[in-house]
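Source: prediction; values computed, not measured.
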Amino acid sequence: MKAIVYKSQTGFTERYAKLLSEKTGVPAYPLKQAGKYLRKNDDIFYMGWLMAGRTSGLDTVVEKYTVRGVAIVGMSPGGNGGLWDVACKNGGYSDGGAPVFYLRGGYAPDKLKGLHRLLMKPMANSVVQEIRDKGPKATESELEMMNLFLHGGDCFDEAQLEPIVRWFQTGLHDGRVRIMPNATL
Ligand SMILES: Cc1cc2nc3c(=O)[nH]c(=O)nc-3n(C[C@H](O)[C@H](O)[C@H](O)COP(=O)(O)O)c2cc1C
């Protein structure tokens, strides 16, 4: 594997990428700088934050590099989004046979800028209202999500990297994420 390439807005994905780099010895580059170090079609592991079901930056990297595996970083307790749905149907792999992992990052509303801040506000309000409406029927996990939306929170957990580190060390690196027409990656 030539590199770990990542895209992070509020820092969670960056922290995971840097720690994964330490644990594997593979260099980590932010997507914007990766072109300085990598050539077209080089093998990479991609890490991107989840934005409304899409893994941000993935559409760009699949055109430039050979994406051998992906980690999606979101705020929900379990994986979600277009690529995650594909992976769930395929036993944990993208359509091209690359492993797909999910890492829980967190929510840092104070670090959000411009459009993302604007987009998140109504989404957060509607989730909070939906959970409030459930009253005592709301589950522990729903209450935890409500708190996360209301106050932000850090769900970074080093242990979540373990399956990825294992795959770096002993897994097959012969699948790839392909561009799928009309697919939400
Ligand atoms: C506009 C917007 C949309 C988001 N959509 C999702 C989503 O669909 N699923 C999810 O689990 N998290 C979603 N999140 C939460 C981020 O993926 C989460 O905060 C992530 O940890 C951010 O990573 P970063 O710190 O590397 O930018 C969204 C955040 C924003 C700002």
Side-chain angles (χ1 to χ4, degrees), residues 4-20 30-31 45-62 67 69-95 98-167 177 180 183-185:
I4 296 159
V5 177
Y6 64 90
K7 184 168 181 178
S8 180
Q9 194 196 186
T10 63
F12 296 105
T13 311
E14 181 171 50
R15 269 159 79 194
Y16 278 121
K18 287 185 169 167
L19 190 56
L20 183 62
L31 175 54
F45 182 78
Y46 184 67
M47 305 177 84
W49 70 282
L50 198 51
M51 190 182 88
R54 301 189 87 104
T55 311
S56 58
L58 186 57
D59 48 353
T60 305
V61 288
V62 289
V67 181
V70 178
I72 307 165
V73 181
M75 70 185 285
S76 302
N80 62 103
L83 179 61
W84 186 252
D85 290 345
V86 170
C88 287
K89 283 188 204 126
N90 292 341
Y93 294 88
S94 76
D95 280 334
V100 179
F101 302 92
Y102 179 79
L103 299 167
R104 195 173 191 203
Y107 183 45
D110 297 346
K111 292 187 186 167
L112 285 177
K113 291 180 210 119
L115 184 66
H116 295 133
R117 182 184 279 259
L118 217 66
L119 283 172
M120 207 53 180
K121 220 174 173 181
M123 205 197 294
N125 288 342
S126 94
V127 174
V128 167
Q129 195 53 53
E130 210 178 289
I131 298 171
R132 278 199 175 127
D133 288 346
K134 291 192 175 183
K137 284 190 187 146
T139 63
E140 280 292 311
S141 139
E142 286 169 333
L143 292 174
E144 195 239 2
M145 273 307 276
M146 185 172 86
N147 263 325
L148 200 52
F149 271 114
L150 283 172
H151 311 295
D154 185 345
C155 310
F156 182 89
D157 176 10
E158 179 172 351
Q160 291 188 75
L161 285 174
E162 276 169 22
I164 306 180
V165 173
R166 225 176 300 126
W167 174 77
V177 178
M180 303 295 289
T184 309
L185 292 179

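- Using a 4.5 Å heavy-atom cutoff, the side chains of S76 and L50 are not in contact.
- Rounded to the nearest 0.5 angstrom, T13 OG1 and K7 NZ are separated by 10.5 Å.
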Handout entry: F12 and S8: CA distance, side-chain angles, deciding distance, side-chain contact (heavy atoms from CB on, under 4.5 Å) verdict
Key = CA-CA 7 Å; F12 296 105; S8 180; 5.6 Å; no

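- From Y102, atom OH reaches atom CG of N80 across 5.0 Å, with rounding to the nearest 0.5 Å.
- Atom CG in L143 sits 12.5 Å away from atom CG in L148 (nearest 0.5 Å).
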Practice task
Quick one: do Y16 and I164 satisfy side-chain contact (heavy atoms from CB on, under 4.5 Å)? Show the steps, please.
Solution key: CA-CA 11 Å; Y16 278 121; I164 306 180; over 6 Å; no

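- To the nearest 0.5 Å, atoms CG (L161) and CE (M47) are separated by 6.0 Å.
- In this structure, the side chain of S56 engages the main chain of W49 through a donor-acceptor pair within 3.5 Å.
- Checked by atom type, the side-chain pair D133/Q129 shows a donor-acceptor distance below 3.5 Å.
- M120 and M75 make their closest contact through CE-SD, 3.7 Å (heavy atoms, listed as atom of the first residue, atom of the second, distance).
- The minimum heavy-atom distance between L83 and S94, with the atom names listed, is CD1-CB, 4.2 Å.
- Surrounding OH of Y93 are at most 12 heavy atoms belonging to other residues, nucleotides or ligands under 6.0 Å away.
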Exercise for the section: Could you check I72 against W84 for side-chain contact (heavy atoms from CB on, under 4.5 Å), going step by step and ending with a plain yes or no? Expected result: CA-CA 8 Å; I72 307 165; W84 186 252; 4.1 Å; yes

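- Side-chain contact between L150 and M146 is present, with at least one heavy-atom pair separated by less than 4.5 Å.
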Practice task
Evaluate the criterion side-chain contact (heavy atoms from CB on, under 4.5 Å) for residue pair Y6 and L20; output intermediate values, then yes/no.
Solution key: CA-CA 11 Å; Y6 64 90; L20 183 62; over 6 Å; no

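- Of all heavy-atom pairs between V100 and A87, the closest is CB-CB, 3.7 Å.
- Closest approach of L103 to A71, counting heavy atoms only: CD1-CB, 3.9 Å.
- Electrostatic pairing of E14 and K18 counts as a salt bridge here, judged by a charged N lying under 4.0 Å from a carboxylate O.
- Here the side chains of E158 and L19 are in contact, with some heavy-atom distance below 4.5 Å.
- Here E130 contributes atom CD and R132 contributes atom CZ; the two are 13.0 Å apart, rounded to the nearest 0.5 Å.
- Between F101 and F45, the ring planes are tilted. Angles from 30° to 60° get that label.
- In this structure, H116 NE2 and M51 CE are separated by 4.5 Å, a value rounded to the nearest 0.5 Å.
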